[in-house]
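In what follows, a structure is listed as structure tokens, so that the remarks can point back to it.
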Amino acid sequence: MLFTCIRAAQEDLGRRVDRRGVQATPQEPVVIDLQRFTANLKTPWQGGEVRPTHKRPYRRTKPYPKRPSMLEPYEAQIRAWLEAEPTLSAALVLQRLMNVDQTRFTNKSLRTVQIAVKAWRKETVVEIINGDWMAISPLLQPATSLGNILR
């Protein structure tokens, strides 16, 4: 019933658009039986939309709480190791941590150590780029004269 009413309204609109600007006699509008229309609306609204494609996906609105890192108590020590030996790999850092605390660190902790070492190295690079990198090492300072280059 609703579908036929919509189709009738669309046809009427199409006829009006086609006649626009042309003097024509108006046709009588389609009569809709409102009693019958409202009787059909008693139960369909209770079912709602049953198709799963129209269901909104769940989105978490609160941020995930951060847990403390297992490396926090040893962060200063690890940074000191990396400053002393910049080429130290994360696997060797983990070996040193396992020697310090065997109950806390295992071989399964390697990925965690790798991520932390990578982040700390990135911080160091950003500090070097943003800071006065010329003052960090005298080897990196440019020579001011030809005599300094030859020495």
Side-chain angles (χ1 to χ4, degrees), residues 1-137 140-142:
M1 176 67 188
L2 178 63
F3 188 68
T4 56
C5 293
I6 292 173
R7 285 290 181 202
Q10 286 176 338
E11 288 177 21
D12 183 45
L13 180 64
R15 273 189 247 112
R16 290 180 187 206
V17 168
D18 290 341
R19 291 192 316 226
R20 207 175 357 177
V22 178
Q23 296 295 335
T25 58
Q27 295 181 359
E28 292 189 25
V30 178
V31 178
I32 300 171
D33 184 13
L34 291 178
Q35 295 294 332
R36 188 170 155 198
F37 176 74
T38 54
N40 288 337
L41 289 179
K42 285 184 181 177
T43 57
W45 65 271
Q46 293 173 348
E49 187 64 52
V50 293
R51 293 182 288 178
T53 56
H54 294 281
K55 207 176 193 183
R56 293 178 78 187
Y58 173 75
R59 299 211 191 272
R60 184 181 173 96
T61 55
K62 294 193 278 185
Y64 289 102
K66 290 192 175 187
R67 297 184 300 176
S69 173
M70 64 189 289
L71 299 173
E72 276 185 27
Y74 304 98
E75 183 174 345
Q77 189 174 13
I78 295 170
R79 285 183 185 252
W81 291 338
L82 291 174
E83 284 179 16
E85 299 176 55
T87 59
L88 191 64
S89 69
L92 291 175
V93 170
L94 179 62
Q95 286 297 322
R96 290 183 182 184
L97 288 172
M98 287 170 61
N99 291 338
V100 171
D101 189 358
Q102 295 175 352
T103 60
R104 186 174 207 149
F105 297 102
T106 63
N107 287 330
K108 293 181 181 180
S109 307
L110 178 61
R111 186 66 187 140
T112 305
V113 175
Q114 286 174 336
I115 292 169
V117 167
K118 182 179 179 181
W120 292 329
R121 285 187 174 145
K122 186 176 181 180
E123 287 175 14
T124 306
V125 169
V126 169
E127 287 174 8
I128 291 172
I129 291 173
N130 291 339
D132 188 16
W133 62 273
M134 298 293 278
I136 293 173
S137 173
L140 297 176
Q141 294 179 356

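- Contacts of A9 classified as side-chain contact (heavy atoms from CB on, under 4.5 Å), with partners at least two apart in sequence or in another chain: none.
- Residues I78 and E75 fail the side-chain proximity criterion, which asks for heavy atoms closer than 4.5 Å.
- Expressed to the nearest 0.5 Å, how far CZ of R16 lies from CG of D12 amounts to 4.5 Å.
- Scanning for side-chain contact (heavy atoms from CB on, under 4.5 Å) contacts around Q77 gives Y74, W81, V100, with sequence neighbours left out.
- Annotation for L110 and A91: closest pair CD1-CA, 3.7 Å, computed over non-hydrogen atoms.
- Annotation: side chain to side chain donor-acceptor pair (under 3.5 Å) contacts of Q10 (sequence neighbours excluded): R7.
- Every residue two or more places apart in sequence or in another chain was checked for a side-chain contact (heavy atoms from CB on, under 4.5 Å) with N99, and none qualifies.
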May I have the list of side-chain donor-acceptor pairs in residues 117-125 shorter than 3.5 Å, sequence neighbours left out?
residue, atom, partner, partner atom, Å
R121, NH2, P86, O, 3.2
R121, NH2, L88, O, 2.2
E123, OE1, R79, NH1, 3.4
E123, OE1, R79, NH2, 3.0
T124, OG1, W120, O, 2.9

Side-chain donor/acceptor pairs under 3.5 Å, residues 63-71, sequence neighbours excluded:
residue, atom, partner, partner atom, Å
S69, OG, L71, N, 3.1

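- Among all heavy-atom pairs drawn from N107 and Q95, the shortest one is OD1-NE2, 4.2 Å.
- Screening residues 88-116 for salt bridge (charged side-chain N to carboxylate O under 4.0 Å, His left out), with sequence neighbours left out, gives E85-R96.
- Formation of a donor-acceptor pair under 3.5 Å by the S89 side chain with backbone atoms of L92 is found in this model.
- In this structure, E83 has no salt bridge (charged side-chain N to carboxylate O under 4.0 Å, His left out) partners at least two apart in sequence or on a different chain.
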